[in-house]
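First up is the structure itself, then whatever we jot down about it.
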Amino acid sequence: MILELKQLFGNIFEEALIHEIAMVSTLREVPEDYMLIDIGEPIKGIPLMIGGAIKIYRENPNGDELLLHYIEEGDSCTLTYAWEMNASKSKIRAISELPSKLIMIPLKQMELWEEKFPSWRNFLFRSYQTRMDELIETLDSLAFDGLEKRLINYLAEKRRVNGKNELQITHQNIALELHSSRVVISRLLKKLEHLGKIKLKRNEILMV
DNA sequence: ACATTAATTGTGT
DNA sequence: ACACAATTAATGT
């Protein structure tokens with residue numbers, strides 16, 4: 001685990017911190033499509049992403065979900081940290097998009113580190129900031145963009161995260177993640193296909 | 001190989 | 001949004 005930590009965080013964290021992290025944390029590897037935490041579950045710790053990608057969802061009381069953003073290697077889920085203080089129940093759902101590797105840090109240690117290691121405070125702060133920026137971005141998109149633009153963004157982001165042009169996904173799934181309906185997504189995708197932006201197959205979308 | 005069923009996608013109203 | 005048709009994949013016999 002020290003190896004992975006040094007690789008990704010060697011420049012950010014001091015040696016002593018890396019060792020402390022390695023002492024108290026556990027390395028987890030999860031397959032694709034694995035739910036790491038669901039809404040309402042108690043938060044056990046904060047993840048440091050080593051590899052892969054995780055989708056973060058929000059859900060309303062009716063059970064409608066909405067994809068908020070991804071976290072990727074080098075990221076942490078600082079949102080969790082922000083509200084872990086008061087309520088220790090998760091307000092989000094996290095599902096792996098790819099097979100992923102992550103280090104789970106128990107909550108207890110983290111407060112100590114804030115005092116002890118400036119680099120840790122820094123990391124939290126920076127991570128927090130980028131996360132907020134991302135959230136604002138998706139919020140803007142929700143508020144001001146039409147569904148078509150959101151769909152295009154979604155596809156582009158998915159291609160980037162997966163690193164390939166063939167996206168294995170059903171229209172129904174896209175509809176759920178964007179909080180739309182299947183029919184609407186199908187129609188928009190068809191339109192995009194006619195525009196030559198994508199090619200549609202069953203269970204797969206080819207980005208051009 | 002064939003029939004049946006379920007899941008996914010396309011289209012009209 | 002709803003209903004239905006068409007297509008494709010999965011499963012059993």
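In what follows, chains are A, B, ... by sequence order, proteins preceding strands, each numbered from 1. Below, each value reflects all heavy atoms present in this structure, side chains not excepted, and no hydrogens, waters or symmetry copies.
In this pair, A:Trp113 and A:Trp120 present their aromatic rings perpendicular. The plane angle is above 60°, beyond the 30 to 60° band.
Within 6.0 Å of CD in A:Glu204 there are more than 12 heavy atoms belonging to other residues, nucleotides or ligands. In this structure, A:Tyr57 places its OH atom where more than 12 heavy-atom neighbours from other residues, nucleotides or ligands lie under 6.0 Å away.
One interatomic measurement links the two molecules: CG of A:Asp64 to P of C:dA1, which rounds to 11 Å at whole-angstrom precision.
For A:Phe117 and A:Phe13, the ring centers are positioned 6.0 Å apart or more.
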Produce a footprint string for nucleotides 7-13 of chain B: one letter per nucleotide, 5' end first; B if the base is under 4.0 Å from any protein heavy atom, S if only the sugar-phosphate is, - if neither. BBBBBBB
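A:Ile50 is listed as a side-chain neighbour of A:Ile103, based on a closest heavy-atom distance under 4.5 Å.
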